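Working notes, structure below.
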Amino acid sequence: MLRVCVFASGRGSNLLSLLQHIEEGLVKAQVVMVISNKSTAGALEIARSHGIPAVHISDTHFASEKEYIERLLSLLKQYDVQLIVLAGYLKMIPAEIVERYRHRIINIHPALLPSFGGKGLYGHHVHQAVLEYGCKVSGATVHLVDVEYDSGAPIIQKCVPVLDDDTPETLAERVLQVEHEILPQAVQLFAENRVVVNGRKVTILSKK
Ligand code: GRF
């Protein structure tokens, strides 16, 4: 069973959706640990209520960046993590960890990358920017994590329409429904070993 660690900074609805897909047998993976940089993150509560180790870890707790990275790496090793899922995690993953888990870290972004991604474009800022631009579609992207924000190759993207009377909140809600579908789907693709990375291109092998 694929061993997954979820990193989350917020309420954790993507974590919850992943756990529900696992409970329903739709995703053959196990969330072995949840890490948050925020002690009050709803995601930590969700983890605890599912009996999953929930760890609050922030770089501010450490004397140096090196110690912070060592702690993260030792936790990932201790729990034998095979896939890292960033689900609303607002901190940059240190380059050393990206290297160590190359092609084994994925992120969900609430827009169709490469549009509306990068530093500062998170949460409602994304949906506001999409509306201000006058886009007719938006959507969500699950992508590989690289050392820059939102820059890794897409694995799954799915569109939603933008409606004339949308507010950032109504658009966020529509996009979130899609996030809750494609993030578990992507984890299942890793569980089935169907993700092949060739430079910037991710190919999904057909089901055996
Ligand atoms: C989601 O919109 C995700 O795409 C973004 O942050 C939000 C997290 O929501 N990166 P939740 O904490 O999973 O409910």
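Just so you know, these numbers use all the heavy atoms, side chains as well, and skip hydrogens, waters and symmetry mates. All ligand and atom numbering here is 1-based and tracks the order in the structure. On a predicted model such as this, the values are computed, not experimentally measured, just so you know.
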Response to the item:
Between Gly88 and Ile108 the two heavy atoms that sit nearest each other are N-CG2, 4.4 Å
Worksheet, complete the sentence: Tested for side chain to side chain donor-acceptor pair (under 3.5 Å) against Gln177, the lone hit among Arg174, Glu173, His180, Glu181 is Glu173
Worksheet item: Which atoms from ligand 1 have a heavy atom of Glu179 less than 4.0 Å away?
Response: 1 (C), 2 (O), 3 (C), 4 (O)
Worksheet item: Of the protein's non-hydrogen atoms, which lies at the shortest distance from atom 6 (O) of ligand 1, and what is that distance?
Response: Gly88 CA, 3.5 Å
Item to complete: Specify whether Phe116 and Tyr133 have parallel, tilted or perpendicular ring planes, treating 30° as the upper limit for parallel and 60° as the lower limit for perpendicular.
Response: perpendicular
Worksheet, complete the sentence: The closest protein heavy-atom partner of atom 11 (P) of ligand 1 is Ser13 N, 3.4 Å
Practice prompt. For a side chain to side chain contact (heavy atoms under 4.5 Å, CB included) with Pro184, tell me which candidate from Glu24, Glu179, His21 qualifies.
Written response: His21
Fill in: Ala54 backbone acceptor or donor facing Arg48 side chain under 3.5 Å
no
Discussion item. For atom 10 (N) of ligand 1, what is the closest protein heavy atom, and at what distance to 0.1 Å?
Written reply: Ile108 O, 3.5 Å
Discussion item. So, regarding Gly12 and ligand 1 (criterion: nitrogen or oxygen to nitrogen or oxygen, under 3.5 Å), is there a contact or not?
Written reply: yes
Practice prompt. Using modelled atom types only, decide if a donor and an acceptor are shared between the side chain of Arg3 and the backbone of Val32 within a distance under 3.5 Å.
Written response: no
Worksheet, complete the sentence: Among non-hydrogen protein atoms, atom 9 (O) of ligand 1 lies closest to Arg11 NH2, 3.4 Å
Discussion item. So, 4.0 Å and heavy atoms of Gly123: is ligand 1 close enough to count as a contact?
Written reply: no
